[in-house]
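Presented below is the structure to which this report refers.
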Amino acid sequence: MSFGFNFSDLKYLFITRSSYNNFAAGELENLTPFLAQRKNLDFVQIFGNTESITQLKRMEGTIHANLHEIQPDQMINIGSFDIYPLKAMNNGDLYPLNYIIRKQRKSLLYATDTGVYEEKTWKNLKGLQVQTAIVECSQGPRKSTFMEKMGLPDVLTFKKKAEDIGLTNQHTRWIITHFSHQNGLLHEEMEEVARPFGLEVAYDGMELEVWYKLNAHWNILHI
């Protein structure tokens, strides 16, 4: 709302987890008047794991949405996008989710509220490739003591594993996000720490361009 997003334009919503600090179902119910004011009156499509969709089903009839329960490694096609849910490393929900979002040849990994993936997840990601990776770094410059969080040392481990399986390469753009008071640094200070490792530091309202190379020419998707 701060950046002028019109909720009546929302078509698809993907949920990562069901815990309150990640997904406040009641707040979504409060947005119902905005979700209902759609030009063609079609319902918003909401995708999430078992726990989050169960919460929303309790409000069926009061929210203007179609609900879809999804599992990790289940490719979803919506319009011109392919969405690949993958299991995040978290001890909360049964299947906490991260996502790879692909449009044509352009792909983005959204990996927040997770620790470094378990080996089974890395194995399932072989053969996929992303041009941009947005990853968790709530612990700032410190190594995380939580399985569901990452700090800079964990991000570097995550980055190396992604490169080892070919998910990313030297052209991949890496952005760290999900900062909190546990970080201990101001934004500019975090930039100084992250810059030597080729990591960008996210901020509210950040807009990205996803690049891919085809026949020696760079193509751009603006998001």
Side-chain angles (χ1 to χ4, degrees), residues 1-7 9-10 13-17 19-24 27 86 88-92 96-103 106-117 121-122 125 129-165 167-213 218-223:
M1 296 177 70
S2 298
F3 295 96
F5 180 78
N6 187 349
F7 280 95
D9 291 333
L10 182 66
L13 177 62
F14 284 83
I15 302 165
T16 57
R17 292 184 58 204
S19 58
Y20 180 80
N21 61 327
N22 294 275
F23 174 56
E27 292 187 16
L86 54 125
M89 191 63 177
N90 199 297
N91 62 356
L97 298 173
N98 286 168
Y99 296 97
I100 290 178
I101 304 167
R102 181 174 67 198
K103 183 177 183 181
K106 300 168 282 287
S107 297
L108 176 147
L109 170 66
Y110 184 78
T112 67
D113 216 30
T114 182
V116 178
Y117 296 149
T121 301
W122 291 116
L125 289 173
Q129 191 174 68
V130 299
Q131 290 77 40
T132 299
I134 303 175
V135 298
E136 150 84 28
C137 193
S138 64
Q139 304 302 294
R142 305 186 307 276
K143 182 173 176 58
S144 178
T145 57
F146 307 101
M147 66 172 291
E148 70 272 17
K149 306 292 184 185
M150 287 195 286
L152 184 60
D154 311 289
V155 171
L156 297 179
T157 298
F158 186 101
K159 185 172 183 287
K160 185 178 187 308
K161 286 183 174 289
E163 292 169 348
D164 287 345
I165 65 168
L167 180 68
T168 61
N169 57 38
Q170 70 272 24
H171 301 298
T172 303
R173 187 175 179 184
W174 285 84
I175 298 154
I176 52 177
T177 189
H178 203 215
F179 307 117
S180 73
H181 61 283
Q182 297 169 340
N183 189 334
L185 298 178
L186 298 175
H187 186 271
E188 294 79 7
E189 294 171 328
M190 193 64 204
E191 284 185 315
E192 291 182 11
V193 172
R195 190 178 298 114
F197 302 101
L199 304 173
E200 299 178 60
V201 181
Y203 53 87
D204 291 346
M206 186 179 192
E207 295 185 5
L208 309 175
E209 289 180 341
V210 179
W211 296 63
Y212 75 96
K213 198 169 187 179
W218 287 100
N219 296 266
I220 305 172
L221 169 65
H222 187 77
I223 59 174

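The basis for the numbers below is simple: all heavy atoms, side chains too, and nothing from hydrogens, waters or symmetry mates. Keep in mind it's a predicted model, so treat the numbers as computed, not measured.
- When every heavy atom of Ala194 is checked against every heavy atom of Ile176, the shortest pair comes out as CB-CD1, 3.9 Å.
- Side-chain atoms of Phe3 and Asp204, non-hydrogen and from C-beta on, do get closer than 4.5 Å to each other.
- Closest approach of Ser180 and Ser138 over heavy atoms only: OG-O, 3.5 Å.
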Trace of the side-chain contact (heavy atoms from CB on, under 4.5 Å) decision for Arg102 with Leu108:
CA-CA 6 Å; Arg102 181 174 67 198; Leu108 176 147; over 6 Å; no

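- Judged as a side-chain hydrogen bond (donor to acceptor under 3.5 Å, both in side chains), and not counting sequence neighbours, Gln129 has no contacts.
- Under the salt bridge (charged side-chain N to carboxylate O under 4.0 Å, His left out) criterion, the residue pairs touching residues 136-145 are Lys143-Asp154, with sequence neighbours excluded.
- When every heavy atom of Asn98 is checked against every heavy atom of Ala111, the shortest pair comes out as OD1-CA, 3.2 Å.
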Check your understanding: side-chain contact (heavy atoms from CB on, under 4.5 Å) between Met150 and His178: does it pass, once the steps are laid out?
Key -> CA-CA 10 Å; Met150 287 195 286; His178 203 215; over 6 Å; no

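- Within the 4.5 Å cutoff, no side-chain heavy atoms of Thr16 are placed close to those of Phe23.
- By the side-chain contact (heavy atoms from CB on, under 4.5 Å) test, Tyr203 pairs with His187, Met206, sequence neighbours left out.
- The ring-ring contact (aromatic ring centres under 6.0 Å, His included) test applied to Phe14 returns Phe47, Tyr99, not counting sequence neighbours.
- Counting heavy atoms from C-beta on, the side chains of Glu148 and Pro96 never come closer than 4.5 Å.
- Checking side-chain atoms of Ser144 against main-chain N and O of Gln139 turns up no donor-acceptor pair under 3.5 Å.
- The two residues Pro141 and Pro153 make their nearest non-hydrogen contact at O-CD, 3.5 Å.
- Counting all heavy atoms, side chain and backbone alike, Ala133 lies closest to Thr172 at N-CG2, 4.2 Å.
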Open item on the list: Pair Leu208, Ile134 - check side-chain contact (heavy atoms from CB on, under 4.5 Å), show working.
Closed with: CA-CA 10 Å; Leu208 309 175; Ile134 303 175; 3.7 Å; yes

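- Put simply, CG on Leu109 and CD1 on Ile175 are 11.0 Å apart, with the number rounded to the nearest 0.5 Å.
- The nearest pair of heavy atoms linking Glu200 to Arg173 is OE2-NE, 2.5 Å.
- Scored by the ring-ring contact (aromatic ring centres under 6.0 Å, His included) test, Tyr117 finds Trp122, Phe158 as partners (sequence neighbours excluded).
- For Glu163, the salt bridge (charged side-chain N to carboxylate O under 4.0 Å, His left out) criterion is met by Lys159, not counting sequence neighbours.
- No option in Val116, Leu156, Leu167, Leu125 other than Val116 meets the side chain to side chain contact (heavy atoms under 4.5 Å, CB included) test with Lys161.
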**Prompt:** Which is it for Leu199 and Leu152 under the side-chain contact (heavy atoms from CB on, under 4.5 Å) test, yes or no, and what are the steps along the way?
**Reply:** CA-CA 10 Å; Leu199 304 173; Leu152 184 60; 3.4 Å; yes

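- Judged purely by atom type and a 3.5 angstrom limit, Thr114 uses its side chain to pair as donor or acceptor with the backbone of Met89.
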